[in-house]
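Below is one structure, written out as structure tokens, with a few remarks after it.
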Amino acid sequence: MKQSITVASKSFTNGGWIPDRHSAYGENISPELILEGIDPSAVSIAITLDDIDHPLFPGYNHWVAWNLPVLDVIPEGLPCGGVVERPFHMEQGIAYGKHCYKGPKPPFNWCHEYRFTVYILDVKLRISPDSDKKALLDTMEGHVIQTGVMTGRYQRKRKDGGGGNKK
């Protein structure tokens, strides 16, 4: 049975409002993710971001990244590219954000919930940067030793004055 890890962020609380700066309407930068309880045998990390309220495609994938080094803090603003070398080596595939993070962007000022899933793996993956989430999940099969989830909500032009928290 897979163990869980805790996923948190300084940008928003679990289940809270995702700030505009992390949305595709704002700066479109990936949030910092803080991971607690990583197994010492971990070799790499993978991340997915999904819009779980998409009306036509529930679980619509916004981001797939893998082969991140084992870190307690994944910094915000990870760069675009199929293969990235700075601030560390990682690979990103095909999602709504092609080879990059693509933040929340629900249409019509709707409120959607987004799920960041972090996978702790016992291997580095050999998979093409042109892979999608399904290919990533298939390749990770049998290698996931821990998972953690963090959700956030986003709505553009919310009645309280904006998309996310005003930090």
Side-chain angles (χ1 to χ4, degrees), residues 2-39 42 44-81 84 86-88 90-121 133 136-137 140 144 146-167:
K2 296 177 195 120
Q3 300 173 329
S4 65
I5 59 167
T6 301
V7 181
S9 179
K10 289 182 181 175
S11 296
F12 61 99
T13 60
N14 192 24
W17 292 106
I18 297 172
D20 285 334
R21 64 181 300 195
H22 299 298
S23 80
Y25 293 115
E27 296 172 55
N28 203 33
I29 60 172
S30 60
E32 175 182 270
L33 297 175
I34 302 163
L35 312 178
E36 294 180 14
I38 297 175
D39 189 290
S44 69
I45 295 176
I47 303 171
T48 60
L49 171 61
D50 301 301
D51 176 347
I52 56 180
D53 288 328
H54 193 287
L56 300 176
F57 308 102
Y60 187 72
N61 184 238
H62 275 241
W63 187 32
V64 289
W66 60 89
N67 288 341
L68 284 80
V70 178
L71 299 168
D72 293 331
V73 177
I74 297 168
E76 77 172 14
L78 294 176
C80 292
V84 172
R86 291 193 175 140
F88 44 71
M90 64 179 268
E91 297 165 50
Q92 299 175 103
I94 306 296
Y96 183 39
K98 184 176 180 182
H99 302 301
C100 66
Y101 169 87
K102 179 78 165 195
K105 192 178 180 184
F108 311 115
N109 296 330
W110 292 346
C111 179
H112 283 199
E113 188 171 6
Y114 293 83
R115 179 186 315 135
F116 290 86
T117 305
V118 177
Y119 304 88
I120 306 299
L121 308 174
K133 181 182 174 185
L136 173 65
L137 294 176
M140 291 190 311
V144 178
Q146 293 175 292
T147 59
V149 172
M150 181 173 184
T151 62
R153 296 175 294 152
Y154 186 81
Q155 181 178 16
R156 187 176 183 205
K157 299 180 181 177
R158 284 194 349 251
K159 290 179 183 175
D160 66 357
N165 300 340
K166 299 294 182 185
K167 279 199 157 187

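We use all heavy atoms of the structure for the numbers below, so side chains are in, but hydrogens, waters and symmetry mates are not.
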### Task
Test I47 against I45 for side-chain contact (heavy atoms from CB on, under 4.5 Å), laying out the working first.
CA-CA 7 Å; I47 303 171; I45 295 176; 4.2 Å; yes
If I take atom [atom1] from residue [X] and atom [atom2] from residue [Y], how far apart are they, to the nearest 0.5 angstrom?
{"X": "I120", "Y": "I5", "atom1": "CD1", "atom2": "CD1", "answer": "4.0 Å"}
{"X": "F116", "Y": "S30", "atom1": "CZ", "atom2": "OG", "answer": "8.0 Å"}
{"X": "L68", "Y": "M90", "atom1": "CG", "atom2": "CE", "answer": "5.0 Å"}
{"X": "K133", "Y": "I94", "atom1": "NZ", "atom2": "CD1", "answer": "15.5 Å"}
{"X": "Q155", "Y": "D53", "atom1": "CD", "atom2": "CG", "answer": "11.5 Å"}
{"X": "E76", "Y": "I29", "atom1": "CD", "atom2": "CD1", "answer": "4.0 Å"}

Is a side-chain N or O of [X] found less than 3.5 angstrom from the main chain of [Y], in a donor-acceptor match?
{"X": "Y96", "Y": "P104", "result": "no"}
{"X": "H99", "Y": "Q92", "result": "yes"}
{"X": "N28", "Y": "G103", "result": "yes"}
{"X": "H62", "Y": "K102", "result": "yes"}
{"X": "Q3", "Y": "D39", "result": "no"}
{"X": "Y101", "Y": "H22", "result": "yes"}
{"X": "R156", "Y": "K105", "result": "no"}

Does any part of the side chain of [Y], heavy atoms only, come nearer than 4.5 Å to the side chain of [X], both counted from C-beta?
{"X": "S44", "Y": "W66", "value": "no"}
{"X": "Y114", "Y": "S23", "value": "no"}
{"X": "P31", "Y": "I74", "value": "no"}
{"X": "P79", "Y": "P87", "value": "yes"}
{"X": "V149", "Y": "T147", "value": "no"}
{"X": "H112", "Y": "Y154", "value": "no"}
{"X": "L35", "Y": "L71", "value": "no"}

### Task
Could you go through the side-chain contact (heavy atoms from CB on, under 4.5 Å) check for F12 and M150 one step at a time?
CA-CA 10 Å; F12 61 99; M150 181 173 184; 3.5 Å; yes
### Query
Looking at L78 and P75, what are the two nearest heavy atoms and their distance?
CG-O, 3.6 Å
### Query
What is the minimum heavy-atom distance between L56 and H54, and which atoms define it?
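Minimum heavy-atom separation between L56 and H54: N-ND1, 3.1 Å.
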### Query
Looking at D51, T48, D50, which one forms a side-chain hydrogen bond (donor to acceptor under 3.5 Å, both in side chains) with N61?
D50
